[in-house]
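Working notes, structure below.
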Amino acid sequence: MGISIKNLRKVYENGYEALKDISLDIQDGELVCLLGPSGCGKSTTLNIIAGLLDPTSGDIAIDGQSVVGLHPKNRNIGMVFQNYALYPHMTVLENVMFPLRVGEHRRSREEAAKIAHKFMDMTNIENLADKKPSALSGGQQQRVAIARALVQTPRVLLLDEPLSNLDARLRLHIREEIRRLVKGTGITTIFVTHDQEEALSISDRIVLMNEGVVQQYDNPQKLYLDP
Ligand code: ADP
Ligand code: ADP
């Protein structure tokens, strides 16, 4: 169970080999960070898991089922981006409800709103329901993005540098919230960061990447990091 990544390789159209050979086993309910310098292949890895990008070769299985070739919508994955990617013309409530109102399992408006309110409550944005994203602070927008990613109770949550646009104090606060939230829901989570301290503070295990390979994969206490 969990996520199993085997011999993942990605060569972009221009011939650049962004991922050389990535293999990882992530356990059910684990919070794993992909850590490494800019350009080492973190986003590429995450986008392939999400199905936004095809691998050149290799396999990804979620709960023992290969997801390679599956449409992103059918992977049961929630994703949070660095720039939040909220729908600007929709209110907070409409943004959070959105995933429940599209696709083959679409819910009624009432049912979707009820579920959305539960997750808005969990992420402390209940009082912002009728606001547009442009009226919110960065931290509030990020909470909306997290609520929207969780509303379908996905098997896997992917977060791509979710804190990088927030100021230092808020970053500390929201990362603790994220840890509490994902541990509370038991959802398997992959968190991308280039910030060593952030990775150490939030993760069950850290994948240390460099130039398209995994250098170390271990819990924060056992990881060897350059001072
Ligand atoms: P990270 O998330 O660790 O910063 P990325 O996965 O975004 O790294 O990128 C890994 C490498 O692949 C970088 O050198 C980047 O420039 C390159 N890259 C990313 N996207 C493309 C693309 N569409 N075409 C060519 N090269 C790319
Ligand atoms: P990140 O913040 O995830 O590292 P970047 O800012 O490096 O992302 O890249 C933003 C977008 O540009 C991505 O869609 C990525 O695929 C694309 N990209 C990055 N590097 C290259 C490259 N060398 N050639 C073409 N596209 C690239």
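Remember, it's 1-based here, ligands and their atoms both numbered in the order they're listed.
At a 4.0 Å heavy-atom cut-off, ligand 1 touches T44 through backbone and side chain alike.
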Do any side-chain atoms of residues 130-139 form donor-acceptor pairs under 3.5 angstrom with protein atoms, and if so which ones, sequence neighbours left out?
| from | atom 1 | to | atom 2 | distance (Å) |
| --- | --- | --- | --- | --- |
| S137 | OG | Q140 | N | 3.2 |
| S137 | OG | Q140 | OE1 | 3.4 |

Per-pair distances, 0.1 Å, donor-acceptor, side chain in residues 110-118, under 3.5 Å, sequence neighbours excluded:
| from | atom 1 | to | atom 2 | distance (Å) |
| --- | --- | --- | --- | --- |
| E111 | OE2 | R107 | NH1 | 3.0 |
| H117 | ND1 | E126 | OE2 | 2.8 |

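Using 4.0 Å as the threshold, C40 has a heavy atom nearer than that to some atom of ligand 1. For P37, the heavy-atom gap to ligand 1 drops under 4.0 angstrom.
Remark: ligand 1 atoms within the under-4.0 Å shell around heavy atoms of S38 are 4 (O). Within ligand 1, counting atoms from 1 as listed, the ones closer than 4.0 Å to a heavy atom of K42 are 1 (P), 2 (O), 3 (O), 4 (O), 6 (O), 8 (O).
Atoms CD1 and CD, from I206 and E198 in turn, are 10.5 Å apart once rounded to the nearest 0.5 Å.
Around atom 13 (C) of ligand 1, the closest heavy atom drawn from G212, G15, G39, A18 belongs to G39.
Shown are L200, V207, T193, D195; of these, the side-chain contact (heavy atoms from CB on, under 4.5 Å) with L35 is made only by T193.
Cation-pi contact between K10 and Y12: present, with separation from the ring centre below 6.0 Å and deviation from the ring axis of at most 45°.
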